[in-house]
Protein chains: 2
Amino acid sequence: MTHAIQVFAEYLNSKDLKLTKERRAVLQEIFLHPGHLEAEDLAHNLRKKRKRASRATIYRTLDLLVESGIVRKVDLGHEHSHYELELDNPHHEHMICLKCGKVLEFSDKAIERDLNRLCKRSGFEPSSHRFQIFGYCDRCRKAREQAV
Amino acid sequence: MTHAIQVFAEYLNSKDLKLTKERRAVLQEIFLHPGHLEAEDLAHNLRKKRKRASRATIYRTLDLLVESGIVRKVDLGHEHSHYELELDNPHHEHMICLKCGKVLEFSDKAIERDLNRLCKRSGFEPSSHRFQIFGYCDRCRKAREQAV
DNA sequence: CTCGCTATTGAGACTGAATCTCATTCTCAG
DNA sequence: CTGAGAATGAGATTCAGTCTCAATAGCGAG
Ligand SMILES: [Mn+2]
Ligand SMILES: [Mn+2]
Ligand SMILES: [Zn+2]
Ligand SMILES: [Zn+2]
């Protein structure tokens with residue numbers, strides 16, 4: 001957290017931007033709720049704490065946090081974006097349960113190797129990628145099997 | 001195309017739905033422009049041919065085509081969906097050029113194997129997945145290297 | 001072929017996520 | 001402490017996609 005604030009402050013400074021109380025509050029809130037969060041949750045949580053920030057500010061701040069490498073935008077197949085910490089949280093992919101929404105994280109060297117091999121073969125220079133698996137988590141799978 | 005119409009007609013029939021001229025026109029248009037198409041393009045193309053169909057009808061028809069297994073919805077990282085033929089077009093993943101928008105398709109047995117292995121390990125039952133690689137296609141990569 | 005029950009259509013209202021506008025307020029370097 | 005410039009919030013706006021509902025069309029029975 002302290003480290004993140006520092007990184008953020010430096011980033012903002014380098015761009016002649018300012019570290020406002022709203023931006024600080026958003027970053028703090030992200031640390032309080034680790035995991036995959038959405039902008040509206042953030043707004044909601046801040047409101048409960050009387051640290052309200054407008055939707056516009058929250059989205060603007062999230063963009064800045066992404067640019068500064070503190071937060072990462074993730075696609076979980078919903079109609080809106082999710083965000084997760086990038087600091088101390090290495091790249092990974094997601095399995096998403098279609099029943100309960102649970103998200104499992106995974107990463108696999110073999111897949112990354114294959115990806116690079118495939119890109120090389122087509123002369124494609126990869127800069128990012130994402131891999132999502134939709135299905136049923138252990139719990140929900142068992143519940144379905146019962147039902148049959 | 002003939003086959004697709006037949007599949008569609010059967011699907012519609014099985015659901016007590018009707019094969020209207022709008023639905024036929026949409027399906028026909030999809031065959032005329034193979035590749036990754038978007039709903040608005042479809043609307044535009046049909047309008048040029050005086051076969052206009054409303055946005056609502058186009059989206060409704062695309063849903064039906066997906067349900068009947070003729071068309072597949074694909075995510076290319078844009079804010080809107082793309083669609084591609086599913087008939088005679090086996091599952092594959094996409095590389096998307098950030099410069100020119102070009103889309104390369106690829107598929108890889110090793111990745112599919114890894115995916116299944118990883119799911120098994122977590123007790124996750126996969127039902128679908130998608131893998132996107134963002135970066136620069138061969139052409140654009142070379143143009144960038146020149147620029148340096 | 002005609003009838004009539006249903007499904008379908010289109011215009012436009014609506015939604016939800018995200019972005020923009022702009023007048024007012026805040027930050028921080030000097 | 002101050003002022004230039006950045007940031008904020010309310011609300012308007014955008015954009016893809018969905019919904020509503022009155023008018024229309026498909027199609028199976030007869
Ligand atoms: Mn994650
Ligand atoms: Mn494709
Ligand atoms: Zn689950
Ligand atoms: Zn390109």
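The chains referred to below are lettered A, B, ... by the order of the sequence lines, with proteins before strands, and numbering in each begins at 1.
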Of all the heavy-atom pairs spanning B/Ile133 and A/Pro126, show the shortest one and how long it is.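 Shortest heavy-atom contact: CG2-CB, 3.8 Å.
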
How many Å lie between CG on A/Asn13 and P on D/dA6, as a whole number? 13 Å

Using five base pairs at each end to define the local axes, how bent is the helix from C/dC1-D/dG30 to C/dG30-D/dC1, to the nearest 10°?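 One end's axis against the other's: 30°.
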
Got a sec, which pairs hit salt bridge (Lys or Arg N to Asp or Glu O under 4.0 Å) with one end in residues 125-148 of chain B, sequence neighbours left out?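 For residues 125-148 of chain B, and leaving out neighbouring residues, the salt bridge (Lys or Arg N to Asp or Glu O under 4.0 Å) pairs sorted by first residue read A/Asp75-B/Arg130, A/Glu125-B/Arg144, A/Arg144-B/Glu125, B/Asp75-B/Arg130, B/Asp138-B/Arg141, B/Asp138-B/Lys142, B/Arg141-B/Glu145.
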
Looking only at atom types and distance, does a side-chain atom of B/Asn89 sit under 3.5 Å from a main-chain N or O of B/Leu85, one as donor and one as acceptor?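 Indeed, once roles are kept as given, a pair shorter than 3.5 Å links the two residues.
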
Any heavy-atom pair between the side chains of A/Leu62 and A/Ile30 that's under 4.5 Å?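 Yes; the side chains approach each other to less than 4.5 Å.
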
Between B/Ser122 and A/Met95, is there a side-chain heavy-atom distance shorter than 4.5 Å? yes

Which heavy atom in A/Asp108 sits nearest to a heavy atom in B/Leu118, and how many Å separate them?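 Heavy-atom minimum between the residues: CB-CD1, 3.7 Å.
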
Quick one: does any side-chain atom of B/Arg72 pair with a main-chain N or O of B/Val66 as donor and acceptor, under 3.5 Å?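 No, B/Arg72 side chain to B/Val66 backbone: no donor-acceptor pair under 3.5 Å.
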
Close N or O pairs between protein and nucleotides 23-27 of chain D (under 3.5 Å):
residue, atom, partner, partner atom, Å
D/dG26, N2, B/Lys18, NZ, 3.1
D/dG26, N3, B/Lys18, NZ, 3.2
D/dC27, OP1, B/Leu19, N, 3.3

Could you tell me if the side chain of A/Ser68 sits less than 4.5 Å from the side chain of A/Leu64, heavy atoms only? no

Is there any protein nitrogen or oxygen under 3.5 Å from a nitrogen or oxygen in nucleotides 15-18 of chain D, and what are the pairs?
residue, atom, partner, partner atom, Å
D/dG17, OP1, B/Ser81, N, 2.9
D/dG17, OP1, B/Ser81, OG, 3.2
D/dG17, OP2, B/Tyr59, OH, 2.6
D/dG17, N7, B/Arg55, NH1, 3.0
D/dG17, O6, B/Arg55, NH2, 3.3

I'd like the 5' and 3' limits of the part of DNA chain C contacted by chain B, with heavy-atom contacts below 4.0 Å.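 Both ends considered, the range comes out as C/dT6 to C/dA13.
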
Keeping to residues at least two apart or across chains, list the side-chain hydrogen bond (donor to acceptor under 3.5 Å, both in side chains) pairs with something in residues 29-49 of chain B.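 Listed once each, the pairs are B/Glu29-B/His33, B/Glu29-B/Lys49, B/His36-B/Glu84, B/His36-B/His94, B/His36-B/Glu105, B/Glu38-B/His80, B/Glu38-B/His82.
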
Side chains of A/Glu112 and A/His129: do they bring a donor and an acceptor to under 3.5 Å? yes

Can you check whether B/Ala53's main-chain N or O pairs, donor with acceptor, with B/Thr57's side chain at less than 3.5 Å?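 Flag not set: sc B/Thr57 to bb B/Ala53 has no pair under 3.5 Å.
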
Apply salt bridge (Lys or Arg N to Asp or Glu O under 4.0 Å) to the pair B/Arg60 and B/Asp63, showing each step before the final yes or no. CA-CA 5 Å; B/Arg60 288 185 287 227; B/Asp63 284 347; over 6 Å; no

